[in-house]
Amino acid sequence: MAGTQPDIAPGRLSAAEIERNFADLHPPLSKSAALIAADRCYFCFAAPCTTACPTGIDIPRFIQSIRSGDLEGAARTILSENIMGGMCARVCPTEVLCEQACVRDGHEDRPVDIGLLQRYATDPFLGSGTRLFERAAPTGKRVAVVGGGPAGLSCGHRLACLGHQVTILSRDGKLGGLNEYGIAAYKTVDDFAQREVNYILAIGGIEVRTSTNLGKELSLARLCRDYDAVFLAVGLAGVNKLDLESEDRPGVIDAVKYIAELRQAPDKSRLPVGRHIVVIGGGMTAIDVAVQSRKLGAEEVTIVYRRGKEQMGASGFEQDLAQSAGVRIRHWARPTRLLGDAHVTAVEFEYTRAGANGGLEGAGGIFTLPADVVFKAIGQELGWDELGSAAGILRTTRGRIAVDANRRTSLDNVWAGGDCVAGGRDLTVTAVQDGKLAAEAINRYLTAGG
Amino acid sequence: MNDTGRGNAAVDLGSEFLGIKSPNPFWLASAPPTDKAYNVNRAFEAGWGGAVWKTLGEDPPIVNVSGPRYGAIHSNDRRVIGFINVELITDRPLATNLGEIRQIKRDWPDRALVVSVMLPMNRESWAKYVPMIEDTGADGLELNFGCPHGMSERGMGSAVGQVPEYIRQATAWCKAFARVPVIIKLTPNVTNILGPAKAAKDGGADAVSLINTLNSIMRVDYDTLSMYPNTDGMGSHGGYCGPAVKPIALHMVAEIARNQATKGLPISGIGGITDWRDAVDFLALGASNVQVCTAAMVYGFRIITDLTDGLSHFLRDKGMTRVADLVGRAVPSVTDWQYLNLNYVVKARIDQELCIKCGRCHIVCEDASHQAITNTVNGERRFEVIDKECVGCNLCVSVCPVADCITMERLTSGIDTRTGRAIVSEKADWTTHPNNPLRR
Ligand SMILES: Cc1cc2nc3c(=O)[nH]c(=O)nc-3n(C[C@H](O)[C@H](O)[C@H](O)COP(=O)(O)OP(=O)(O)OC[C@H]3O[C@@H](n4cnc5c(N)ncnc54)[C@H](O)[C@@H]3O)c2cc1C
Ligand SMILES: Cc1cc2nc3c(=O)[nH]c(=O)nc-3n(C[C@H](O)[C@H](O)[C@H](O)COP(=O)(O)O)c2cc1C
Ligand code: SF4
């Protein structure tokens, strides 16, 4: 094992097999399936699903519109609360959000297929580009939105609707944030992220500048001066460390970076894939990198998480998804040593258990897993280094930007939302909600003057 | 036949209607499923107790439109709730039908085979055709005074059925030439069913069957804004049937069963029967047997097994051994509104264990009834009945998606907090109520 050459190679499966593996995870509903699914909605009073949706979509209302055949009404209901209703229909962990709250769970253990219905209602409009929203008269106010992910786009769209002039400044070459670079490929097929971005930008009044970095070309102080208000939605650029010796060695890869490559690869069969893969972490990123590695043809993929099943950030559904893709999940173990001369060849783990005070402690005993590739998926952090002077002037909480209920930061004319703020859930849908709330607050600030 | 192997030895579904025997009380109503020997053979193979042959008329036969004849109201999962048709009586030559009827009766001696017929309002027609039909060996005749489209415009079908005197006259003519029992099939397109029923009885009818279909328009076509279904852009009203019409049929059956002038007239119940419980409704409200059309048309003949199995098990569970034990059992409970006990007080009760917290009871009581259901109790989503406001209307029960979650509890003592009045066991109805200006 140790000392052998790492087995990393592209094309472990044929291009056709890979294409099949990366097909739509939840294929869209047919018309008749949608009507049957819609009929299951009870049209609840003060519906628990709506309360559970971070963007507060009036779910019974849009389902009633599907039932009656008014898809435009349905799409409008969804997109007016959540302009990324199309992406959210694909990526939301509905099993812990709206569908978990569905009262159908109370007597038949099977919720209404809210996510799939939401997709059914929104797909035709995103596909055809039918405009559902018009801009209000121009206000002459200018807002800078830093970051073009869900939070930034949601905020920008809402501000544009309200008549403000928006400039989206973004580091990456394409807008969409993790929708474009992070979300598992089989959740958003057919370039959906870019189609959605185009739909959002079509509202007008949004200028886009990509490949522009806060902390390099831009400074927060400057933006505050040049614009009437600023919204920060830079996501999480930093990666948490394993804190192991020579962690930067070949074969130890940041999972998010690898997924970004995968998402951008024109031909997935040319991506290098390890034969034995070890993923360290317990969240959505860990699941996604593991499952996608399997789909690319990795032979053995093991996720190792330092705590139990219940503590994993990934939902039960995601864990099942990984297991049915042939990923092995091991709980209660943490890495202690990376083995191999230069390139990693194996990882040594120690067993763990919950200590008396809830903390983690070694439980005695070690084991070793062979690894051609080790993926780090133990969470991200705000990339303060890259934010330059902004770091110094914003108040933070536990390493992220501190905001109030309206997503206003410690600075008077700066708001922030999405993954970069403290207290969030790090989901697409919550990022969209942050952007929407901030836009409303910015609008109040700009129109009332305070 | 239709033995499910569960041994219902104690229950005999055998039925006798006007002396016509059939192994069970389920007949196919006169309609497309009974238009041909091919279909009726299949129906009897599947286990149907009898069939009323698709209505015969004079030669040359009528012609039907070349489609569409039917339309439906669906639930979203495409179950047919209501069904409409613009079909006429049989469009095949009389001799073809008579030959097939004769053959079927010969092949299936234990099944009931009744022939539906529609003739013009003159004695000669009855004199000519009744003996021809009887010659097939059929067990009885059913006079179609009900078809509401096409035939009525030619002075037949419901054009007869809507004028009691015509019913009496046609019945009398038919009876003059018939040796087999004669059933009069009534149209529901009247304001009071008792007039036609009494006229049938006066004309010498052996029984009535009801209902035929209701005058109706299904809907418009949302693209063309013309009638749907239509024939080349134009549509005529059609006849409505299926599950949606059952309550209308039950009311008419019960009226005939309980009214002094028509009481005792045997009834064959028709209208919306889909499963065995629908049959129980008709039988308990006074029908001696039942006929089915739409359910067979939209599910096929195989639904007979549920009808017979379910009815057998029901009768067994009720300690009954024959269908006749059930017939008319609910009739004594049918009365007029003015005799309902105004001292009877019920309150809704929500079983919190079963409640799934959809809140539909709350919102309907809030918007359409008496603001008698909470939505929040001690800061939690919770639905409870406020007795002080509840009038016991049953709206919440009607909308609750969970079977038996909300029930109505009778108050037998104490005070009704809504009215402030004591609960008493004596009955009191509108006829004696102080607010009634006409009270006795
Ligand atoms: C692998 C993975 C899988 C995921 N799967 C799901 C899922 O299935 N469902 C779900 O709900 N959530 C999922 N998430 C989480 C979700 O993607 C994020 O919560 C969401 O994208 C956050 O949106 P955001 O707008 O805050 O940030 P991001 O989407 O990260 O967007 C940040 C934007 O800021 C720009 N930017 C960054 N730094 C700078 C800078 N210095 N200057 C200028 N611009 C900058 C970037 O270019 C980008 O446009 C996943 C996350 C990952 C990593
Ligand atoms: C397509 C169709 C054709 C019908 N044709 C006749 C008919 O020829 N003679 C008749 O007496 N009733 C006819 N009926 C009425 C049915 O026999 C029956 O009375 C009515 O449909 C109500 O029963 P259901 O709800 O079970 O369908 C027809 C009904 C339908 C749907
Ligand atoms: S029975 Fe009627 S009034 Fe009483 S709680 Fe139910 S809906 Fe309200």
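Fair warning: this is a prediction, and the values are worked out from it, not measured in the lab. In what follows, every chain begins at residue 1, and chains take the letters A, B, ... in the order their sequences are listed. Every heavy atom of this structure was used, including side-chain atoms; hydrogens, water molecules and symmetry mates were not.
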Note to self: Using a 6.0 Å cut-off, check whether atom CG of D367(B) has over 12 heavy atoms from anything other than its own residue.
What the structure shows: yes
Next item on the list: Assess whether atom CZ of R40(A) is packed by more than 12 heavy atoms of other residues, nucleotides or ligands within 6.0 Å.
Entry: yes
Margin query: So which residue, R78(B), H362(B), K357(B), ends up with the most heavy-atom pairs under 4.5 Å with chain A?
Written below: H362(B)
Item checked: Heavy atoms of other groups near K388(B) NZ, more than 12 under 6.0 Å -> no
Check: By a 4.5 Å heavy-atom criterion (distance strictly below it), what part of Y222(B) contacts chain A: side chain, backbone, both, or neither?
Finding: neither
Check: With chain A, which of S75(B), C355(B), C358(B) has the greatest number of heavy-atom pairs at distances under 4.5 Å?
Finding: C358(B)
Checklist line | Greatest number of heavy atom pairs closer than 4.5 Å to chain B - which of G69(A), A46(A), A47(A) | finding: A46(A)
Margin query: Does R219(B), at its CZ atom, have more than 12 non-hydrogen atoms belonging to other residues, nucleotides or ligands within less than 6.0 Å?
Written below: yes
Margin query: With a sphere of 6.0 Å drawn around CZ of R302(B), does it hold more than 12 non-hydrogen atoms of other residues, nucleotides or ligands?
Written below: no
Item checked: Flag if over 12 foreign heavy atoms under 6.0 Å of CZ, R69(B) -> yes
Notebook entry, point to check: Is it true that atom CZ of R195(A) has more than 12 heavy atoms of other residues, nucleotides or ligands lying nearer than 6.0 Å?
Noted result: yes
Next item on the list: Measure the spacing between CZ of F45(A) and CD1 of I373(B) and express it to the nearest 0.5 Å.
Entry: 11.5 Å
Checklist line | Over 12 non-hydrogen atoms of neighbours within 6.0 angstrom of CG in D404(B) | finding: no
Notebook entry, point to check: How long is the span from the CZ atom in R381(B) to the OG1 atom in T51(A), to the nearest 0.5 Å?
Noted result: 7.0 Å
Notebook entry, point to check: Are there residues of residues 103-115 of chain A that reach to under 4.5 Å of chain B by heavy atoms, and which ones?
Noted result: V103(A), G106(A), H107(A)
